[in-house]
2 protein chains.
Amino acid sequence: MAQDRDWKCGDPQQHLKWAEATTDALRVLEGKWKIVIICQLFGAKEPLRFSELERRCEGVNQKMLIQQLKELEKDGVVTRTVYPQVPPKVDYALTEMGKALGPAMAELIDWAYMRRDRLEIKKST
Amino acid sequence: MAQDRDWKCGDPQQHLKWAEATTDALRVLEGKWKIVIICQLFGAKEPLRFSELERRCEGVNQKMLIQQLKELEKDGVVTRTVYPQVPPKVDYALTEMGKALGPAMAELIDWAYMRRDRLEIKKST
DNA sequence: CGCCATACTTACCTTTTGGTGGGTAGCCCA
DNA sequence: TGGGCTACCCACCAAAAGGTAAGTATGGCG
């Protein structure tokens, strides 16, 4: 369990393994639009169509959106479903693994807010 | 509290704010060596000298190490202490904010391990 | 004097990432 | 015939990140 992790454990190599794991996890999330995409999928109750994602990720262009979605799909975070229609319809949803990102992202959000507050206090004093 | 976060809350803009916060947090952690540095500082009981970090972050070069340390310092994650000696001595330690990264990193580690196991199972079936 | 040690700095280069502006396929409708 | 719709692909360019190899400053020591 995450909350029981011992950063001062016996194995002197353990923090190297953890660094590797964390770097690995971040690699999946890196990219200017991935977090935005993931948060949009978290926020929506249903899968989102390509055009809908394009609309919701303000400022993204098609190439980037496709690229990031492809990487997220390859990394097992989202699924891509094609409907055999004309005009085409494709939608994207979080996988179980994508949904499992919730707690990690929640902790990152808490840290980011805490950090912002902390920095603001420093500035004002 | 992170564990009570409601991804399906009322405010339809909330997930945009969360995306922003998470992106912000990741921005601080992005960079090929930052997580390695942070994990080394977590693992060590004491502040680490530049040369010690260089030794522990296998494969890093001086320029990159300095660059990443500078950014981490600017972002409030590590402190840099200079001792007026010859030859020079400088050491680096986690700030309170750096230490507060523990839970987020722990969740990321759990997710990475879970993901690795999941992908391995898929490969073998 | 000349060399050592430490913690950097600098110039230069390669690789990766992000972005723009076009095009394509397939069917529908007028 | 010639648009319009959707979800892409491609050629090309710019900026950022990462990396190499050299140099700098300081004072102690033989």
Side-chain angles (χ1 to χ4, degrees), chain A residues 19-20 22-41 44 46-75 77-93, chain B residues 19-20 22-41 44 46-75 77-93:
Chain A
E20 207 186 318
T22 314
T23 303
D24 233 54
L26 285 190
R27 227 209 58 250
V28 173
L29 302 179
E30 269 170 31
K32 194 165 172 185
W33 300 101
K34 287 191 190 164
I35 290 293
V36 179
I37 294 169
I38 292 171
C39 280
Q40 289 299 335
L41 291 174
E46 330 149 301
L48 293 178
R49 296 189 60 168
F50 181 81
S51 49
E52 185 56 25
L53 274 171
E54 193 179 357
R55 209 179 52 72
R56 295 196 188 202
C57 302
E58 213 179 330
V60 77
N61 57 48
Q62 292 190 322
K63 183 199 143 194
M64 285 313 296
L65 185 53
I66 284 165
Q67 197 183 99
Q68 308 266 299
L69 283 167
K70 253 188 191 158
E71 288 176 26
L72 287 173
E73 194 195 355
K74 189 166 72 54
D75 288 331
V77 176
V78 308
T79 51
R80 177 173 178 271
T81 311
V82 184
Y83 299 87
Q85 302 181 354
V86 169
K89 175 178 169 183
V90 178
D91 67 24
Y92 297 87
Chain B
E20 207 187 317
T22 314
T23 302
D24 231 54
L26 285 191
R27 226 210 59 250
V28 174
L29 302 179
E30 268 169 32
K32 195 164 170 186
W33 299 101
K34 287 190 189 164
I35 291 292
V36 179
I37 293 169
I38 292 170
C39 280
Q40 290 299 334
L41 291 175
E46 330 148 301
L48 294 177
R49 296 189 60 169
F50 181 81
S51 50
E52 186 57 24
L53 274 172
E54 192 179 357
R55 210 179 52 73
R56 296 197 187 199
C57 302
E58 212 177 331
V60 77
N61 58 48
Q62 292 191 321
K63 182 197 144 195
M64 285 313 296
L65 185 52
I66 283 165
Q67 197 182 97
Q68 309 265 300
L69 283 167
K70 255 187 192 160
E71 288 176 26
L72 287 174
E73 194 195 356
K74 188 168 71 55
D75 288 330
V77 176
V78 308
T79 50
R80 176 172 178 273
T81 310
V82 184
Y83 299 87
Q85 301 181 354
V86 170
K89 175 178 169 183
V90 179
D91 67 25
Y92 297 87

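In the text below, chain A, chain B and the rest are named by the order of the sequence lines, each starting its count at 1.
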### Message
Let's go through A:V77 and A:L29 carefully: what are the C-alpha distance in whole Å and the side-chain angles of both, what is the deciding distance for side-chain contact (heavy atoms from CB on, under 4.5 Å) to 0.1 Å, and is it a yes or a no?
### Response
CA-CA 10 Å; A:V77 176; A:L29 302 179; 5.8 Å; no
Would you say [X] and [Y] make side-chain contact, with heavy atoms under 4.5 Å?
| X | Y | value |
| --- | --- | --- |
| A:I66 | A:F50 | yes |
| A:I37 | A:L65 | yes |
| A:M64 | A:K32 | no |

In this structure, how many angstroms lie between the [atom2] atom of [N] and the [atom1] atom of [X], rounded?
| X | N | atom1 | atom2 | result |
| --- | --- | --- | --- | --- |
| A:M64 | C:dG18 | CE | C1' | 5 Å |
| B:N61 | C:dT10 | CG | C1' | 13 Å |
| B:Q62 | C:dA5 | CD | C1' | 12 Å |
| A:E54 | C:dG19 | CD | P | 14 Å |
| B:D91 | C:dT6 | CG | P | 15 Å |
| A:I66 | C:dT17 | CD1 | C1' | 17 Å |

### Task
List the atom of A:D91, the atom of A:Y83, and the distance in Å for their closest heavy-atom pair.
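Looking at all heavy atoms of both residues, the shortest contact is OD2-OH, 3.1 Å.
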### Message
Once you apply a heavy-atom cut-off of 4.0 Å, does B:K63 come out as touching a base, just sugar-phosphate, or nothing?
### Response
base
### Query
Within the structure shown, what part of the strands sits under 4.0 Å from A:Y83 by heavy-atom distance: base, sugar-phosphate, or nothing?
nothing
### Query
Relative to the 5' end of DNA chain C, which residue comes earlier, A:P88 or B:P88, by the nucleotide with the nearest heavy atom?
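So the residue in question is B:P88.
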### DNA chain C: 5'-proximal contact among B:S51 and A:G59 (nearest heavy atom)
B:S51
Taking only side-chain nitrogens and oxygens of [X], does any of them come within less than 4.0 Å of OP1 or OP2 of [N]?
| X | N | answer |
| --- | --- | --- |
| B:R49 | C:dA5 | no |
| A:Q68 | C:dG18 | yes |
| B:K70 | C:dT9 | yes |

#### Entry: Salt bridge B:R55-B:E52, side-chain N to carboxylate O under 4.0 Å
yes
### Query
Ion pair present between A:E73 and A:K70, side-chain N to carboxylate O less than 4.0 angstrom?
no
### Query
Taking N and O atoms by type only, does the side chain of A:K32 place a donor or acceptor under 3.5 Å from a partner on the base of C:dG18?
no
### Message
For chain B and DNA chain D, what are the first and last nucleotides along the strand, 5' to 3', with at least one atom under 4.0 angstrom from a heavy atom of the protein chain?
### Response
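Under 4.0 Å from chain B, the extent on DNA chain D is D:dG18 to D:dG27.
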